[in-house]
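Protein chains get the first letters and strands the later ones, always in sequence-line order, with residue 1 at the start of each. What you see is a predicted model, and the numbers here were worked out from it, not measured in a lab.
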Amino acid sequence: MARILITSALPYINGIKHLGNLVGSQLPADLYARYNRARGHEVMFICATDEHGTPAELAAAKADKPVADYCAELHDVQAKIAADFRLSFDHFGRSSSPQNHALTQHFAGQLADNGLIEEVSDKQVYSVADGRFLPDRYIEGTCPNCGHEGARGDQCDECTKQLSPTDLIDPYSTISGSKDLEVRETKHLFLRQSKLRNDLDAWISAKTDWPILTTSIAKKWLHDGDGLRDRGITRDLDWGVPVKRGTADWPGMEGKVFYVWFDAPIEYIGATAEWAETQGLEDDAWQRWWRTDKGADDVRYVQFMGKDNVPFHTLSFPATIMGSNEPWKLVDYIKSFNYLNYDGGQFSTSKGRGVFMDQALSLLPSDYWRWWLLSHAPENSDAEFTWENFQASVNKDLADVLGNFASRVTKFCRSKFGEVVPEGGTYGDAEQALVDTLTTRIKTYGDHMDAMEVRKSAAELRAIWVAGNEYLQAAAPWSAIKTDPEAAAASIRLSLNLIRLYAVLSSPFIPDASADLLAAMNTTDDSWPTDVTAALQTLPAGHAFTVPEVSFAKITDAQREEWQEKFAGTRD
RNA sequence: GGGCCUGUAGCUCAGUUGGUUAGAGCAGAGCGCUCAUAACGCUUUUGUCGCAGGUUCGAGUCCUGCCGGGCCUACCA
């Protein structure tokens with residue numbers, strides 16, 4: 001039994017995430033977590049809300065709530081939706097937790113002790129009306145290059161020129177619209193990750209089995225221009241982890257907090273500590289996942305994230321870990337994803353374009369979304385969600401191939417033998433051929449899942465479902481029943497066991513339907529098949545079952561058109 | 001501007017270190033079955049592998065150039 005630590009990139013706190021966010025990190029991480037649990041491994045699956053930073057403060061202000069209250073509320077909202085999507089986190093934490101505060105301050109202290117923190121005085125734009133320093137992109141004005149009037153302080157979208165806020169003509173705050181801006185001097189801590197460049201480069205270069213997407217982004221940052229640059233890790237904000245050097249005050253840093261991108265990945269550790277607390281366990285319970293001197297040596301640590309998160313997970317966070325000079329667990333594998341687009345354009349949180357997690361669940365059960373999203377995961381390039389494709393895929397795969405199989409077998413059995421596994425007959429060549437096919441395919445399925453090849457796993461699972469229909473067609477118990485009832489009984493006995501097997505194999509993708517099928521088969525045996533012949537004898541003759549409800553109702557053309565219309569515009 | 005990814009059947013995608021007649025699912029066509037959510041099974045049509053050169057006995061695969069799509073470019077997170 002292996003021990004596997006799985007983290008999903010932290011969803012930001014300022015609202016409900018869309019399907020593109022979901023498929024880029026949380027959902028594939030859940031697939032991997034469920035699969036490894038099913039294989040009998042010890043899994044720690046961690047996620048949390050990322051709660052600090054300017055957008056959180058502004059969202060709270062807009063909602064007219066104290067930021068702490070706002071984050072607490074949105075955390076609960078996100079936790080509820082995650083649970084409804086059957087994301088099986090062992091703990092869904094908060095980056096604002098006391099554990100993360102302490103850990104973040106601890107890491108900063110270690111880094112400072114090791115000469116990896118530098119104090120840098122910088123000039124930043126301060127908005128008097130807003131009473132805060134503004135990140136570059138919260139300042140807009142006229143582009144000095146092309147004259148575009150809506151240029152942001154970091155870049156002009158019109159001519160794509162890189163800008164500094166002070167370059168802008170007639171700059172104003174995008175928060176208040178105020179032009180009462182001034183440049184103020186402010187001091188910040190910088191992580192001297194440039195000093196770790198060679199270590200990081202060697203580490204990344206050794207990861208030859210990582211997705212190209214992951215390593216190419218890391219190498220770009222390592223080698224671009226003068227190489228990896230140092231990074232500011234503090235901000236002038238109220239909401240966040242106060243800057244401290246371990247437990248001691250940090251002279252000159254009063255009133256400042258750590259930058260959200262410094263404390264967010266540390267929350268992977270913090271959330272595991274939160275988990276221990278909620279379980280009433282001591283520190284060693286979480287440290288055995290994270291400290292190689294306390295049992296984490298044999299842990300395999302896998303991270304899931306969208307490509308936008310890759311630089312922080314390949315460089316900044318490892319620099320924090322390495323630079324601490326303490327035996328913290330470094331990531332072993334980073335699975336990164338491209339973006340999912342929506343019907344010809346991008347999903348957009350700010351523009352409310354696309355389908356959001358809560359809306360999705362108001363239309364259909366989570367399994368529909370899980371199946372489509374995972375079987376179309378944007379692994380090699382950006383992928384696109386269209387309602388036509390969604391309808392066609394879900395109807396065919398889930399309703400016709402899998403759902404109908406369970407339906408035709410159980411209903412036939414009920415009408416001919418009653419709701420009990422029939423006895424009699426023996427297995428022959430057709431059954432052996434099926435076993436051989438399944439043995440091969442289940443092995444392939446497992447290999448793809450181990451490799452986190454999400455689309456290929458889905459395709460193989462589907463092929464396993466198809467094998468059942470092929471067998472049934474060849475065995476044709478509806479014909480056999482007339483001349484050789486024993487043969488029909490044997491086919492149906494096998495097919496009923498096949499339903500149970502499908503429920504087990506499918507559970508990482510579609511946990512609710514799998515649970516329903518197991519319940520209908522009146523069994524709690526969800527053990528992963530190692531010997532297919534044995535697995536297909538789990539339900540013995542005489543075992544009672546019930547005909548399951550229709551697992552997957554089809555999406556009608558009318559529904560599809562209605563949803564297409566409904567989500568074409570923007571979210572209220 | 002620079003870097004990276006990508007372009008394969010009508011659609012969504014596989015194609016290992018270059019090696020025979022380029023594959024899968026869906027859609028289309030034909031046949032079969034009738035237990036089942038008009039579901040299932042079998043058979044089957046379609047490709048100048050973005051374009052143009054080059055290397056090679058041999059290129060979807062390697063090299064160069066061009067065209068199209070996308071992402072990143074360090075103060076959004």
Side-chain angles (χ1 to χ4, degrees), chain A residues 9-14 50 52-56 58 122 124-125 133-139 152-155 160-162 164-165 188 193 211-213 215-217 219-221 223-225 228-232 235 259-261 264 306-312 315-316 338-339 341 346 349-350 375-376 378-384 386 388-389 392-393 395-416 453 455-456 458-459 462-463 466 468-481 488 491-492 495 547 549-554:
Chain A
L10 307 188
Y12 198 65
I13 192 68
N14 68 341
D50 178 12
H52 299 138
T54 306
L58 296 180
D122 201 9
Q124 291 194 344
V125 175
F133 283 95
L134 295 178
D136 291 357
R137 67 172 51 199
Y138 284 92
I139 302 158
R152 289 196 318 268
D154 57 340
Q155 184 177 43
T160 72
K161 186 178 174 58
Q162 306 276 314
S164 156
H188 282 297
Q193 48 188 17
I212 294 170
L213 184 64
T215 49
S216 66
I217 291 173
K219 287 181 176 173
K220 171 65 158 63
W221 282 55
H223 302 296
D224 190 40
L228 187 60
R229 296 176 222 168
D230 294 339
R231 241 190 130 79
R235 288 292 183 273
Y259 180 33
V260 53
W261 260 113
K307 58 185 168 186
D308 52 332
N309 273 316
V310 168
F312 304 99
L315 304 168
S316 303
N338 286 285
Y339 292 144
N341 291 318
Q346 293 189 333
T349 302
S350 57
S375 61
H376 294 79
E379 290 177 296
N380 293 324
S381 61
D382 290 353
E384 175 158 318
T386 64
E388 288 86 355
N389 188 302
S393 298
N395 284 355
K396 191 70 190 173
D397 299 347
L398 297 181
D400 295 347
V401 177
L402 176 64
N404 182 53
F405 178 78
S407 188
R408 66 194 296 205
V409 170
T410 52
K411 286 182 179 172
F412 180 81
C413 185
R414 179 173 61 186
S415 76
K416 305 299 181 190
E453 293 273 10
R455 279 184 185 231
K456 289 180 181 175
R462 186 188 189 282
V466 167
N469 284 310
E470 288 171 352
Y471 165 75
L472 211 54
Q473 183 66 30
W478 49 89
S479 299
I481 192 78
S491 298
I492 291 301
S495 298
V547 173
E549 298 294 314
V550 167
S551 305
F552 297 100
K554 292 200 189 191

_For a quick check under 3.5 Å, do A:D397 and A:S393 share a side-chain donor-acceptor pair by atom type?_
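The criterion, which ignores hydrogens and geometry beyond distance, is not satisfied for A:S393 and A:D397.
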
Grab the N/O contacts between the protein and nucleotides 30-35 of chain B below 3.5 Å, and write none if there aren't any.
residue	atom	partner	partner atom	Å
B:rG32	N2	A:Q473	NE2	3.3
B:rC33	O2'	A:W478	NE1	3.2
B:rC35	O2'	A:R408	O	3.2
B:rC35	O2	A:R408	NE	3.1
B:rC35	N3	A:R408	NE	3.4
B:rC35	N3	A:R408	NH2	2.6
B:rC35	N4	A:R408	NH2	3.1

Say we look at [N] and [M]: how far apart would their [atom1] atoms be, to the nearest angstrom?
| N | M | atom1 | value |
| --- | --- | --- | --- |
| B:rG23 | B:rG15 | P | 15 Å |
| B:rA22 | B:rG69 | C1' | 24 Å |
| B:rG54 | B:rU16 | C1' | 25 Å |
| B:rG19 | B:rA59 | C1' | 10 Å |
| B:rU61 | B:rG53 | P | 14 Å |
| B:rU8 | B:rG70 | P | 15 Å |
| B:rG65 | B:rU55 | C1' | 15 Å |
| B:rC4 | B:rC62 | P | 15 Å |

Identify, with sequence neighbours excluded, every residue that meets side chain to side chain contact (heavy atoms under 4.5 Å, CB included) alongside [X].
| X | result |
| --- | --- |
| A:K220 | A:D224 |
| A:T410 | A:L496, A:I499, A:M521, A:F545, A:V547, A:P548 |
| A:A463 | A:R441 |

*Work out which heavy atom in A:Y339 is nearest to a heavy atom in A:D382; give both atom names and the distance.*
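Looking at all heavy atoms of both residues, the closest pair is N-OD1, 3.0 Å.
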
*asked:* For a stem of at least 3 consecutive Watson-Crick or G-U pairs with distances under 3.5 Å, i pairing with j, i+1 with j-1 and so on, which stems involve RNA chain B?
replied: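 Ordered by first number, the stems with RNA chain B (at least 3 consecutive pairs each) read B:1-7 with B:67-73, B:10-13 with B:23-26, B:28-32 with B:40-44, B:50-54 with B:62-66.
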
Please list, chain by chain and in numerical order, all residues satisfying side-chain hydrogen bond (donor to acceptor under 3.5 Å, both in side chains) with [X], sequence neighbours excluded.
| X | result |
| --- | --- |
| A:N341 | none |
| A:E388 | A:Q564 |
| A:S381 | none |
| A:Q124 | none |

Does the base of [N] carry an N or O that pairs as donor and acceptor with the side chain of [X] under 3.5 Å?
| X | N | value |
| --- | --- | --- |
| A:D122 | B:rC75 | yes |
| A:N404 | B:rA36 | yes |
| A:E470 | B:rC42 | no |

*asked:* On RNA chain B, does the nearest nucleotide to A:K554 precede the nearest nucleotide to A:A392 from the 5' side, or the other way round? Give the residue.
replied: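 It is A:A392, whose closest nucleotide lies nearer the 5' terminus.
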
*Take A:K456 and A:P55, find for each the nucleotide of RNA chain B with the closest heavy atom, and name the residue whose nucleotide sits nearer the 5' end.*
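So the residue in question is A:K456.
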
Can you name the atoms? Protein N/O to nucleotides 2-8 of chain B N/O, anything below 3.5 Å, with the distance.
residue	atom	partner	partner atom	Å
B:rG2	N2	A:K220	NZ	3.4
B:rC4	O2'	A:S216	OG	3.3

_Heavy-atom check, side chain of A:D400 versus side chain of A:K554, under 4.5 Å_ =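 A:D400 vs A:K554: side chains touch.
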
*Using a cut-off of 4.0 Å on non-hydrogen atoms, how would the nucleic acid contact of A:T410 be classed: base, sugar-phosphate, or nothing?*
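Answer is nothing: A:T410 stays at 4.0 Å or more from every strand.
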
_Using only atom types and a distance under 3.5 Å, with no angle test, would you say the side chain of A:Y12 pairs donor to acceptor with the backbone of A:H52?_
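Yes, A:Y12 side chain to A:H52 backbone: donor-acceptor pair under 3.5 Å.
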
Using OP1 and OP2 only, check whether a side-chain N or O of [X] sits under 4.0 Å from [N].
| X | N | answer |
| --- | --- | --- |
| A:R152 | B:rC76 | no |
| A:R462 | B:rC26 | yes |
| A:Y471 | B:rG41 | no |

*When rounded to the nearest 0.5 angstrom, what distance separates CG in A:N309 from CH2 in A:W261?*
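A:N309 CG to A:W261 CH2: 4.0 Å, rounded to 0.5 Å.
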
_So, taking the atom named CG in A:N469 and the one named CZ in A:R408, what distance separates them when rounded to the nearest 0.5 Å?_
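A:N469 atom CG to A:R408 atom CZ measures 5.0 Å (nearest 0.5 Å).
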
*Which residues share a ring-ring contact (aromatic ring centres under 6.0 Å, His included) with A:F405, sequence neighbours left out*: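 With sequence neighbours excluded, A:F405 shows a ring-ring contact (aromatic ring centres under 6.0 Å, His included) to A:Y502, given in chain and number order.
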
Atom pairs under 3.5 Å: protein N/O with N/O of nucleotides 68-70 of chain B:
residue	atom	partner	partner atom	Å
B:rG70	O2'	A:D382	OD2	2.4

*Member of A:V310, A:I212, A:L315, A:D308 meeting the side chain to side chain contact (heavy atoms under 4.5 Å, CB included) criterion with A:I217*: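 Between A:I217 and the candidates, side chain to side chain contact (heavy atoms under 4.5 Å, CB included) is satisfied uniquely by A:V310.
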
*Rounded to the nearest Å, what distance is computed from the CG atom of residue A:L402 to the P atom of nucleotide B:rC26?*
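Spelled out: CG on A:L402 to P on B:rC26 is 15 Å.
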
